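Every value quoted in this text rests on a predicted model; they were computed, and no experiment measured them. All values below were derived from every heavy atom in this structure, side-chain atoms included, with hydrogens, water molecules and symmetry-related copies excluded.
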Amino acid sequence: MTQQSSIGTKKTKPPREKRPASLADFVIQFRWIVAVPILLPISFLFYQWMHWRAAIRAYLYGPPSEKKHSAEVQKVQASIRKRNPTVDGLICTARAPWLGVALRNSEHKRSTRYEVELGGLSSIVWIDTNRKLMKCEPMVVMSELSNATLPLGLAPEVLPELDDLTVGGVINGYGIEGSSHIYGLFAETCTAFELVLADGTLVRATADNEYSDLFDAVPWSHGSLGLLVGVEFRLIEIKDYMRVTYTPVHGDLKDVAQAFCDAYCPRDLDQDNPKKVPEFVEGIVYSETEAVITTGQYASKLEAQQKGNVINPLGRWYKPWFHIHAQTALTQGSFVEYVPVRQYYHRHTRSIYWEGGLIVPMGNHPLFRFFLGWLMPPKVSILKLTQNDAIRRYYIQRHACQDMLVPNHKLAEALEFCHETFETYPVWLCPHRLFKKGTGTMLDAEKDFVKDKYPGDTDYAQMFTDVGIWGVPGPVIRQEVWDGVQATLSMEKWLRKNNSYQCLYAVIEQSEEEFWKMFNPTLYTSVRKKYGAEGAFMSVYYKVSNTKKVKQVSGVSKDKKL
């Protein structure tokens, strides 16, 4: 196999050893036989419940309010206060592991634990249109956010795309969208976190109150500091449509990286000039030589309906999946269209980016879309519920599902590394402005980035790119030997070497020592100690890693394997 390197030279890799087919290969290949007649209808009913949940509850119990929110929080406080630290296990939520979107096995919920129910915390408490702020509970999902805010001409600054991602999940875990080059991750748009600590105390943490250290430490902490029970975050004014421009890129991976960065990073470093920076950006890399960069600008209904403009309601069930539609730019050239704004926000939901095609291979066929497209997407958590440990291990070994956060000046190298290690396409590119903290947060900009800025960087933030690697690697498709664990270990090593980060929803294979070389433990460790999380909540490494789980004594360095 011959491939193009990022510096234009070619190198030949020895052919991989062939591997024998297994029963798991057969089960994965034909899972659509179960997915289409059984999982899709169940998923459809689930999504209908999520769509109407708020309205049903408001009809039965009245509209949400601070009083009702406080009553639910008090239940959480009372539950925690009943825990006997000398007998009961570490605190975790009672949410079943299969309900999460992440592929990892949630081993921490298989060990001794003290479960606290948060299912009642699933309401939007209030929306303040004057201050452009919103408060909701952690189990609210992204589809509910857009349903509630868009009719008001407002939206969250960052709205992660998949419908059933929860607010708590995208704060404690990872929440990114095509607007993150302006606003950062979802957690960075938040103005206040309400948390119940290990002793049952309720605190409201903001950037400028007595709990500011806790406020800075919550993102990416995965519920290891306290239980998140309420969130306040900013809203912005939006318009009815998104003007979407599709631009093809032909060349090597260095060309792809450069075109992506040029789409939103002015070379004169005028990064905060809205005339030079689009409001939404994403890239889809289809192969080592082809990609499509899409940019979006909010547009009024009047503009969209002007003569000659193309309006594409691409969210309708019978429409081609977004990544397939975008791919047409590779043959027809650059084009522009107007998309209803909510359909643009959730453009990858119906196909789960491109993972839906692995579950329902015929899902993008015109006949399937027309007759059964309204059943899409399959709900990932329900699919997980039907899997046994052997299938889960197969996914870890034969399937790539990772996100890398890399500085923009390392993007070309990262894409080349991904090709050589995973050879998984498409690859998703999404920008992320990483704000300079200087307080010891788990994530921070490179230490000296201000001294030698690259396009996209400012005095207060460095531009990163999320590289999403999701799908079946090329060697697996060709039935060659490929080890997902070793690929992940290689990726983690590359990230540590290049001041980059692994997204923690994914399978983590690196050791605890290596993990804390990638992430800064300074603030996290001090906050765990200060607010009594040690000995009450499992530390973040053991919650997300693929190690056999643990009996935790105290602190980051005192977690011991059973």
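The closest donor-acceptor contact from the side chain of Gln297 to the backbone of Glu279 lies under 3.5 Å. Checking side-chain atoms of Thr166 against main-chain N and O of Gly169 turns up a donor-acceptor pair under 3.5 Å. Between the side chain of Ser500 and the backbone N or O of Asn498 there is at least one donor-acceptor pair closer than 3.5 Å. The backbone N or O of Arg369 sits nowhere less than 3.5 Å from a side-chain atom of Asn364 that would complete a donor-acceptor pair. Distance alone, capped at 3.5 Å, places no donor-acceptor pair between the Asp466 side chain and the Leu405 backbone. Thr289 places no side-chain N or O within 3.5 Å of a backbone atom of Ser287 that could act as its donor or acceptor partner. When atom types are taken as modelled, the side chain of Lys276 and the backbone of Tyr264 share no donor-acceptor pair closer than 3.5 angstrom. A distance-only check finds no donor-acceptor pair linking the side chain of Thr189 to the backbone of Phe233 [under 3.5 Å]. In this structure a side-chain-to-backbone donor-acceptor pair under 3.5 Å is present from His181 to Pro278. Checking side-chain atoms of Trp482 against main-chain N and O of Thr421 turns up a donor-acceptor pair under 3.5 Å.
Below 30°, between 30° and 60°, or above 60°: for His323 and Trp354 the angle between ring planes is above 60°, a perpendicular geometry.
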Starting from the C-alpha separation in whole Å, work towards a yes-or-no answer on ring pair (Phe, Tyr, Trp, His ring centres under 6.0 Å) for Phe280 and Tyr344.
CA-CA 10 Å; Phe280 279 79; Tyr344 179 80; 5.5 Å; yes
Pair His419-Tyr425, side chain to side chain contact (heavy atoms under 4.5 Å, CB included): steps then yes or no
CA-CA 9 Å; His419 177 76; Tyr425 292 101; 2.7 Å; yes
Glu355/His348 under side chain to side chain donor-acceptor pair (under 3.5 Å): CA gap, chis, key distance, verdict:
CA-CA 10 Å; Glu355 293 273 44; His348 289 297; over 6 Å; no
Val256 vs Val285, side chain to side chain contact (heavy atoms under 4.5 Å, CB included): CA-CA, chis, key distance, verdict
CA-CA 8 Å; Val256 170; Val285 186; 3.9 Å; yes
Using side chain to side chain contact (heavy atoms under 4.5 Å, CB included), reason through Asn408 and Tyr454 one step at a time and then give a plain yes or no.
CA-CA 8 Å; Asn408 271 19; Tyr454 291 90; 6.0 Å; no
Go through the steps to decide whether Leu154 and Ile236 satisfy the test side chain to side chain contact (heavy atoms under 4.5 Å, CB included), and finish with yes or no.
CA-CA 5 Å; Leu154 300 171; Ile236 56 172; over 6 Å; no
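The CZ atom of Phe46 sits 10.5 Å away from atom CG of Asp163, with the distance rounded to the nearest 0.5 Å. Atom CE in Met362 sits 10.0 Å away from atom NE2 in His365 (nearest 0.5 Å). Note: Ile127 CD1 to Leu145 CG = 8.5 Å, rounded to the nearest 0.5 Å. Expressed to the nearest 0.5 Å, how far CG of Asp164 lies from CD1 of Ile352 amounts to 8.5 Å. Rounding to the nearest 0.5 angstrom, the gap separating the SG atom in Cys418 from the CD atom in Glu413 is 12.0 Å. Taking CD1 of Ile42 as the start and CG of Leu375 as the end, the distance is 11.5 Å to the nearest 0.5 Å.
Scanning all heavy atoms of the two residues, the minimum distance from Gly173 to His222 falls at CA-NE2, 3.7 Å. Across Leu429 and Val467, no two heavy atoms sit closer than the pair CD2-CG2, 4.1 Å. The nearest pair of heavy atoms linking Pro473 to His399 is CD-CA, 4.2 Å. When all heavy atoms of Val140 and Ser122 are compared, the pair lying nearest together is CG2-C, 3.6 Å. Looking at every heavy atom in both residues, Ile284 comes nearest to Ala326 through CD1-CB, 4.5 Å. Looking at every heavy atom in both residues, Gly471 comes nearest to Leu358 through CA-CD1, 4.1 Å.
Here the side chains of Asn499 and Lys410 are not in contact, with every heavy-atom distance at 4.5 Å or above. In this structure, the side chains of Leu159 and Met142 come closer than 4.5 Å at one or more pairs of heavy atoms. Looking at Cys190 and Ile171, their side chains come closer than 4.5 Å, going by heavy atoms from C-beta outward. No side-chain heavy atom of Pro219 sits less than 4.5 Å from a side-chain heavy atom of Asn172. Counting heavy atoms from C-beta outward, Tyr353 and Leu162 have side chains that approach closer than 4.5 Å. The shortest distance between side-chain heavy atoms of Gln462 and His409 falls below 4.5 Å. Asp457 has its side chain out of reach of Leu269: every pair of non-hydrogen atoms, C-beta onward, lies at least 4.5 Å apart. Side-chain contact check for Tyr47 versus Ser143: every heavy-atom pair is 4.5 Å or farther apart.
Side-chain contact, Gln258 with Asp262: a donor N or O sits under 3.5 Å from an acceptor N or O. With no hydrogens or angles considered, a side-chain donor-acceptor pair links Asn147 and Arg342 at under 3.5 Å. In this structure, a donor-acceptor pair under 3.5 Å is present between the side chains of Glu337 and Asn312. With hydrogens and angles left out, the side-chain atoms of Asp403 and Trp428 include no donor and acceptor closer than 3.5 Å. Side chain to side chain, His346 and Ser146 meet the donor-acceptor criterion of an N or O pair below 3.5 Å.
One finds a salt bridge joining Arg433 and Asp272 here, because a Lys/Arg side-chain nitrogen approaches an Asp/Glu carboxylate oxygen to under 4.0 Å. Under a 4.0 Å N-O distance rule, the pair Glu161/Arg350 does not qualify as a salt bridge. Classification of Glu282 and Arg347 as a salt-bridged pair holds, one side-chain N sitting under 4.0 Å from a carboxylate O. A salt bridge between Glu237 and Lys132 is present, with a side-chain N of the basic residue lying under 4.0 Å from a carboxylate O of the acidic one.
Taking the centre of each ring, Phe335 and Tyr246 come in below the 6.0 Å mark. Not less than 6.0 angstrom separates the ring centroid of Tyr318 from the ring centroid of Phe371. Ring to ring, Tyr241 and Tyr298 are not that close: their centroids are 6.0 angstrom or more apart. Note: Tyr174 and His432 fail the aromatic proximity criterion, with ring centroids not under 6.0 Å apart.
By the 6.0 Å contact criterion, CH2 on Trp126 is enclosed, its count of non-hydrogen atoms from other residues, nucleotides or ligands being greater than 12.
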